[in-house]
Amino acid sequence: MSPSTPKRVHIIFTGGTIAMRTNAQGQLVPANSGDELIAAIPDLAQQFTLSTQQLCNVASAHLTSEIWLQLRQAIISACADNTISGVVVVQGTDTLEETAFFLDASLSNDALHNKPIVVTGAMRSADEEGGDGPSNLRNAILAVASSEARGRGAMVGMYGRLHAARHVRKLHTTRTDAFGSLEHEILGEIASINVSANASSNTTDLDTNHAVPQVRFHSPAQRLTPSIDLPDALYSTFQQGAIDLPRVDIVSTHISCDSLLIDTSIKNGAVAIVIQALGAGNVNPNISAAIERALTQGVAIIIASRSHLGEAEPIYGYVGGGQSLVKMGAVMSHDLPAHKARIYAQLLLAQTGATAQPIQTILDGFDRLR
Ligand code: DAS
């Protein structure tokens with residue numbers, strides 16, 4: 001690409017509040033196409049060559065593993081095009097961190113040709129005055145076009161901040177600054193800097209300062225989650241309706257909970273179960289017994305914590321304590337919350353096709369997260 005050729009960014013739209021408007025009944029529903037969202041940031045269309053793709057237009061609660069695999073395939077194709085700098089994915093914020101983590105964990109730098117992905121959305125609808133959609137979309141495009149974004153895999157870009165897919169969480173239900181990385185540093189930000197118009201032109205007019213957004217990363221490029229390459233055949237088999245990603249359920253625990261949900265999950269074909277355990281990864285004797293039954297039947301058990309900070313660790317040796325569970329053959333999710341541990345387990349099982357040996361596959365795979 002010659003230095004004068006505008007950078008090309010590919011944008012894949014799937015829907016979300018960013019594309020919703022209020023209907024005659026006063027309800028927010030999917031409405032705007034991706035191209036209509038791009039029309040709201042005309043200056044970016046002058047700065048970059050933008051190609052767009054509308055995969056679907058749904059609330060992010062309606063996304064499925066089938067749409068994820070289509071999205072992943074669309075990203076692989078876009079990144080293989082050497083005119084494209086990177087890919088922006090637009091979706092609803094409710095499951096945004098899940099999609100970002102799925103993409104980050106399932107796409108190696110080789111598959112991406114080192115190109116970055118930024119997943120973004122909005123907390124305010126397209127028809128809301130002063131909505132955050134246009135600025136989030138603008139920032140995401142600027143971020144993937146930055147050469148410093150290369151080699152970082154999939155990130156989340158919201159409210160001017162870039163978060164690692166592994167660490168980011170939606171922490172607030174409605175605020176525009178809803179996303180955070182908890183105790184982890186954010187990867188970077190898009191901040192406005194003031195430049196003098198005369199600094200870049202030879203005019204003799206009076207100086208006029210104007211704000212220019214600039215992408216700044218805080219640390220060198222690295223991948224925080226070991227990539228799990230999915231077999232090429234998976235997508236085509238999936239398209240033929242022959243398989244789904246392996247079934248991995250999440251069971252949440254609390255005072256006085258019993259084993260019903262774990263037993264039901266096994267009966268319904270779960271290959272692995274993520275237990276959202278208490279504190280550092282502890283459960284009561286009912287759940288401990290159910291975990292032992294599951295492991296005996298060959299179902300892998302992953303222990304995550306319902307706490308927001310810290311990691312699931314094998315500390316306690318009482319019945320149901322994390323150390324006792326690990327001795328039985330369960331595995332700790334480390335810093336992954338239950339919903340990301342579920343995705344990671346699905347990918348590991350899909351990669352090896354080792355649904356016959358899920359326990360070993362999960363043990364080995366989660367060990368690499370440390
Ligand atoms: N919560 C909405 C959003 O922020 C809806 C969704 O996730 O699709 O986009």
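All ligand and atom numbering here is 1-based and tracks the order in the structure.
If you look at ligand 1, the protein residues with a non-hydrogen atom under 4.0 Å away are Gly16, Thr17, Ala59, Ser60, Gly92, Thr93, Asp94, Ala122, Lys170.
Each of Ser333, Ser307, Ser252, Ser305 was evaluated against Gln276; a single residue qualifies, Ser252, per the side chain to side chain donor-acceptor pair (under 3.5 Å) test.
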Give the C-alpha distance, both sets of side-chain angles, the deciding distance and a yes or no for ring pair (Phe, Tyr, Trp, His ring centres under 6.0 Å) between Phe366 and Tyr344.
CA-CA 8 Å; Phe366 275 76; Tyr344 199 67; 5.3 Å; yes

Check the pair Asp81 / Arg8 against salt bridge (charged side-chain N to carboxylate O under 4.0 Å, His left out), numbers first and verdict last.
CA-CA 10 Å; Asp81 178 337; Arg8 192 168 155 218; 3.0 Å; yes

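In His308, the NE2 atom is not crowded: 12 or fewer heavy atoms of neighbouring residues, nucleotides or ligands sit closer than 6.0 Å.
Within the structure, every pair that satisfies the salt bridge (Lys or Arg N to Asp or Glu O under 4.0 Å) test and touches residues 329-341, not counting sequence neighbours, is listed here: Arg166-Asp335.
Remark: the Arg72 side chain and the Ser106 side chain contain an N/O donor-acceptor pair separated by less than 3.5 Å.
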